[in-house]
Structures are given as structure tokens and as C-alpha cells.
Amino acid sequence: MYIVDGIAYAGEKRPEIKVSGVRPLDNYKLWLRFNTGEVKVFDFKPLLNEDAFAPLSDKDIFDGVYIDYGVTVWNDGDIDIAPEMLYEYSEALLAS
């Protein structure tokens, strides 16, 4: 249990996930660094069929990815994806 602003919550408090680094990779993948220090790769290709992400099928738009307040965004902020989603569904890179 933990308490925030006088409200008790069950379970353990997890840190807020934010993206602190992003680079587009080949084949619609993203290299991501999170505020936890972890580095992961997210495969965006399955999401390109979703209406909200369809513009990202244009590789020039996809490659224009950037971070705004810890969130990965494109197209002047018109398209974004939650950092928690990226964190949960990405694969950790193995240290070499």
C-alpha cells in the first residue's frame, strides 16, 4: 500500500514511465530509452492498420518521431502513443 495526497492505494507504487530517447529504425521499429534506464525496441508495424496510426505508414512521417514531455509523438503532436504501451509491448535489448 502507498499513499498519495492522502489517498491510500493498494499494491506497490510504480514509477511513472516516460520516454527519454527515441530513434526510428528500419521496418517501422522504434529504439526507445525509458526514464527507468531500460532500452527497448517496439515494433510499430502491427499498429499501422489502425486509423489513428495510418499516417505513420509514410516512412518520412514515421521517421519524424520525437519526444514531447516524455511521450513519443509525430506530425507536430497530432499522433502520439502512451509511453506505458511502448514500455509494456516492447522487447528489451540485450546488453552486449
Side-chain angles (χ1 to χ4, degrees):
M1 180 175 82
Y2 63 98
I3 298 173
V4 175
D5 295 330
I7 300 171
Y9 296 88
E12 293 185 36
K13 185 175 182 179
R14 290 192 259 173
E16 182 178 3
I17 297 295
K18 291 185 178 186
V19 176
S20 58
V22 64
R23 283 184 272 180
L25 301 173
D26 290 337
N27 211 21
Y28 295 98
K29 292 184 180 184
L30 293 174
W31 176 95
L32 300 156
R33 181 182 311 279
F34 294 92
N35 62 325
T36 61
E38 295 168 271
V39 176
K40 297 184 172 194
V41 172
F42 182 83
D43 184 359
F44 217 98
K45 196 182 285 187
L47 295 179
L48 296 176
N49 293 325
E50 302 289 330
D51 289 341
F53 299 118
L56 300 180
S57 61
D58 178 331
K59 191 72 167 117
D60 288 333
I61 294 175
F62 183 82
D63 288 348
V65 64
Y66 64 98
I67 300 168
D68 193 13
Y69 295 99
V71 177
T72 303
V73 296
W74 294 264
N75 214 22
D76 293 328
D78 288 341
I79 303 169
D80 65 28
I81 186 167
E84 297 84 2
M85 168 107 176
L86 293 172
Y87 184 84
E88 184 174 340
Y89 293 102
S90 60
E91 292 187 25
L93 288 181
L94 300 175
S96 51

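Nothing here was measured: the structure is a model prediction, and the numbers come from that model. Counting begins at 1 with the first residue of the sequence.
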Q: State the CZ-CD distance between F34 and E16, to the nearest 0.5 angstrom.
A: 13.0 Å
(Q) Quick check: closest heavy atoms across P83 and G70, and the distance to 0.1 Å? (A) CG-O, 3.6 Å
Q | Sub-4.5 Å side-chain heavy-atom contact between Y66 and V73 | A | yes
Q) Within a radius of less than 6.0 Å around CG of D78, do more than 12 heavy atoms belonging to other residues, nucleotides or ligands occur? A) yes
Q. Is L25 linked to I61 within one hydrophobic cluster, defined over Ile, Leu, Val, Met, Phe, Trp and Tyr using a side-chain heavy-atom separation of less than 4.5 Å?
A. no
Q.
Against K18, only a single residue in T72, T36, N35 fulfils side chain to side chain contact (heavy atoms under 4.5 Å, CB included); can you say which?
A. N35
Q.
With clusters defined by side-chain heavy atoms of hydrophobic residues (ILVMFWY) lying less than 4.5 Å apart, directly or transitively, does V4 cluster with I7?
A. yes
Pairs under 3.5 angstrom only: tabulate donor-acceptor contacts from the side chains of residues 40-56 to other protein residues two or more places apart or in another chain.
from	atom 1	to	atom 2	distance (Å)
K40	NZ	Y87	O	2.9
D43	OD1	K45	N	3.1
K45	NZ	N27	OD1	2.6

(Q) With side chain to side chain contact (heavy atoms under 4.5 Å, CB included) as the test, pick out the partner of L32 among V39, V65, L93, V19. (A) V19
Q | Those residues that, when tested against K59, pass salt bridge (charged side-chain N to carboxylate O under 4.0 Å, His left out) (two or more places apart) | A | D63
Q.
Could you see if I17 belongs to whatever hydrophobic cluster contains V22? Use Ile, Leu, Val, Met, Phe, Trp, Tyr and a side-chain cutoff under 4.5 Å.
A. yes
